[in-house]
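A short write-up of the structure that comes next.
These numbers come from the heavy atoms of this one structure, side chains and all, not from hydrogens, waters or symmetry mates.
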Amino acid sequence: MTDTSVAVQNTVKVFVHPGALHTEEDFSRIKDALAKGLDPIKSGFTELTDSRFADSNYKPTAQAYIIRGNPSWGKDNYQYLFRDAAAAYALALRWKITGDESYATASAGVLDDWSSKLGGIGGTSDKFLASGLYGYQLANAGEIIRGYESWIGLKALQDMLLKVFYPMNHDFLTNHNGYGASGGHYWANWDLAQLCSVISIAVLCNRQDLFEEAVNYVKTGQGMGAFKNAVVHVYPEGLGQIQESGRDQGHAGLDIALMGIIAQVAFNQGEDLFAFEDNILLKGAEYVAKYNLGFDVPWTDYTNADGWTMTAISSTGRPNIRPAWELLYNHYSKIKGINAPYCEQFAAKVRPEGGGGKYGGNSGGFDQLGYGTLMFTIP
């Protein structure tokens, strides 16, 4: 009989912790830079400490049921979740960087409150935006706080994310709210939000199957969130037209932000999606950055699955400012040594990147966790 135990064992993934958006190496780099007073990391830290969501006296407002996009307008309450998710993350960062346990206690308190109360998410199809955006944010906060020895709520958070968020993420990616596996009715950001959640929950929960689900979808998925579907046309000069570029710049920028998050989490676990398809993410990012900096970009007419033909890039929302560019610029230019001139210029324009709430008080201002200048700058 052939012993296959070694072969089987070698296929089991060992996850790095912390290892969603940030690793232990990242925090060591940041603390060293702060000790030396280095900018722009120092300015990025000020963005964190000035945020009302990074106050150790922050109190959560967990709900038993979250509603986003209810036909009976006025019942929406998802703002409680996106504010608390932003706080859990900001507080976790502040603890990890300073060592002050009051911030860890506050972050853990937010996560514990939601873990013990939240039982479901509903509303219109917008409920899937909530399951994606806030699932990845809670998982990232938990991934940092898991290193706080006094926190006993990790399993409760894992269980809640696997019970409430992941099933919705998976259902959308496979069924797209009844539109089927291709999901062409939905813009790219819907898939991308779910993928952010799946891959972040995978790391928090040590779930190799979820990690592979997210990575495989990025590479070969049928929906618009697969990277080759999110970037609909690549030009010889190294620019990639985004599926939502003809819609508006707010959503085109969101696509790039979410793609960067997915790639960063994967990279921290040994999977290089930044390099996938000859750096297709960089090409899309350069396209969005260049146009939102005020330059002209090439255009190819695009017709979506609903038959809407876009004959020109949309100037609506231009320029769109999101805390998404430090991650992309520093990875491609500093880590890979690849020229990313428009990402570099846009990162400089937004620097120092703030966090949740700085870019608007509604849901769009909380789509990204932010603080990229602090967390991703490589001196």
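A side-chain donor-acceptor contact under 3.5 Å links T49 to the backbone of T46. No donor-acceptor distance shorter than 3.5 angstrom exists from the side chain of E143 to the backbone of H17, with no hydrogens or angles considered. Panel note: side chain Q241, backbone L239; no donor-acceptor pair is recorded below 3.5 Å. In this structure, the side chain of D32 does not engage the main chain of S28 through any donor-acceptor pair within 3.5 Å. Put simply, the side chain of Q137 gets close to the backbone of F366: a donor and an acceptor are under 3.5 Å apart. Under the 3.5 Å distance criterion, the side-chain polar atoms of D126 are left unmatched by any main-chain donor or acceptor of L129. In this structure, N77 contributes its side chain and Y65 its backbone to a donor-acceptor pair below 3.5 Å. Without hydrogens or angle criteria, E47 side chain to Y371 main chain gives no donor-acceptor distance under 3.5 Å. Proximity of a side-chain donor or acceptor of K334 to a complementary backbone N or O of I378 within less than 3.5 Å is detected. Between the side chain of D26 and the backbone N or O of F376, no donor-acceptor pair lies under 3.5 Å.
Looking at L273 and L281, their side chains never come closer than 4.5 Å, going by heavy atoms from C-beta outward. With a 4.5 Å cut-off on side-chain heavy atoms, F165 and L138 count as touching. Put simply, the side chain of D171 reaches to within 4.5 Å of the side chain of F128, judged on heavy atoms.
Using cut-offs of 30° and 60° on the angle between ring planes, the pair F82 and Y78 is perpendicular. Using bins of under 30°, 30° to 60° and over 60° for the plane-to-plane angle, the ring pair H331/F274 lands in the parallel bin. Ring geometry for Y235 versus H233: interplanar angle of 30 to 60°, hence tilted.
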Margin query: Could you go through L133 and R68, starting from their C-alpha distance and side-chain angles, then the distance that decides it, and tell me whether this counts as side chain to side chain contact (heavy atoms under 4.5 Å, CB included)?
Written below: CA-CA 12 Å; L133 294 170; R68 177 166 176 166; 4.1 Å; yes
Note to self: Please evaluate residues K290 and E237 with respect to the criterion salt bridge (Lys or Arg N to Asp or Glu O under 4.0 Å), reporting the C-alpha separation (whole Å), side-chain torsions for both, the decisive distance (0.1 Å), and the verdict.
What the structure shows: CA-CA 12 Å; K290 183 176 182 179; E237 59 266 49; over 6 Å; no
Next item on the list: With side chain to side chain contact (heavy atoms under 4.5 Å, CB included) as the test, would you mind laying out the steps for W325 and K349 before giving the verdict?
Entry: CA-CA 9 Å; W325 300 98; K349 179 182 179 70; over 6 Å; no
Note to self: The test is side chain to side chain contact (heavy atoms under 4.5 Å, CB included); show your working for Q269 and K13 and say whether it passes.
What the structure shows: CA-CA 9 Å; Q269 298 296 334; K13 182 174 183 59; 3.8 Å; yes
Next item on the list: Dump the intermediate steps for side chain to side chain contact (heavy atoms under 4.5 Å, CB included) on V198 and Y166, then the final yes or no.
Entry: CA-CA 6 Å; V198 173; Y166 171 69; 4.0 Å; yes
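Counted by atom type alone, T23 and N268 present zero donor-acceptor pairs between their side chains at under 3.5 Å. Using a 3.5 Å distance cut-off with no hydrogens or angles, the side chains of D301 and W299 do pair a donor with an acceptor. Of the N and O atoms on the side chains of W187 and D255, not one donor lies less than 3.5 Å from an acceptor on the other residue. A side-chain donor-acceptor contact under 3.5 Å links S43 and D39. For the residue pair Q243 / Y302, a side-chain donor-acceptor distance below 3.5 Å is found, with atom types taken as modelled. A donor and an acceptor atom, one from each side chain of Y217 and D191, are located under 3.5 Å apart. Between Y58 and S107, the side chains place no donor N or O within less than 3.5 Å of an acceptor N or O (distance only, hydrogens not considered). Defined by atom type and a distance below 3.5 Å, a donor-acceptor pair is present between the side-chain atoms of E326 and N330. A side-chain donor-acceptor contact under 3.5 Å links E244 and N189. In this structure, a donor-acceptor pair under 3.5 Å is absent between the side chains of N279 and Y332.
Put simply, the residue from R29, R146, K96 that forms a salt bridge (Lys or Arg N to Asp or Glu O under 4.0 Å) with E24 is K96. With E286 as the fixed residue, the side-chain contact (heavy atoms from CB on, under 4.5 Å) test singles out one of Y291, F346, Y342: Y342.
Atom NZ of K42 has 12 or fewer neighbouring heavy atoms from other residues, nucleotides or ligands inside a 6.0 Å radius. Counting non-hydrogen atoms of other residues, nucleotides and ligands closer than 6.0 Å to CG of D209 gives a total above 12. Residue Y179 places its OH atom among 12 or fewer non-hydrogen atoms of other residues, nucleotides or ligands, all under 6.0 Å distant. The number of heavy atoms from other shown groups lying within 6.0 Å of NZ (K163) does not exceed 12.
Nearest heavy-atom pair, C343 versus L328, reported as atom, atom and distance to 0.1 Å: SG-CB, 4.4 Å. A pairwise comparison of heavy atoms in R318 and F295 identifies NH2-O, 3.1 Å as the closest pair. Heavy atoms only, all atoms of each residue included: A141 and A92 are closest at O-CB, 4.1 Å. When all heavy atoms of D84 and V110 are compared, the pair lying nearest together is O-CG1, 3.4 Å. Heavy atoms only, all atoms of each residue included: L210 and L162 are closest at CD2-CD2, 4.0 Å. Smallest separation of non-hydrogen atoms from S131 and I121: CA-CD1, 4.1 Å.
Going from atom CD1 of I261 over to atom CG of L192 covers 9.5 Å, rounded to the nearest 0.5 Å. For the atom pair CE (M160) and CG (D112), the distance works out to 10.0 Å, reported to the nearest 0.5 Å. The NE2 atom of H170 lies 12.0 Å from the CD atom of Q194; values are rounded to the nearest 0.5 Å. Note that CE of M375 is 10.5 Å distant from CG of L369, once rounded to the nearest 0.5 Å.
Annotation: cation-pi pair K283/Y287 absent, no NZ/CZ under 6.0 Å from the ring centroid and within 45° of its normal.
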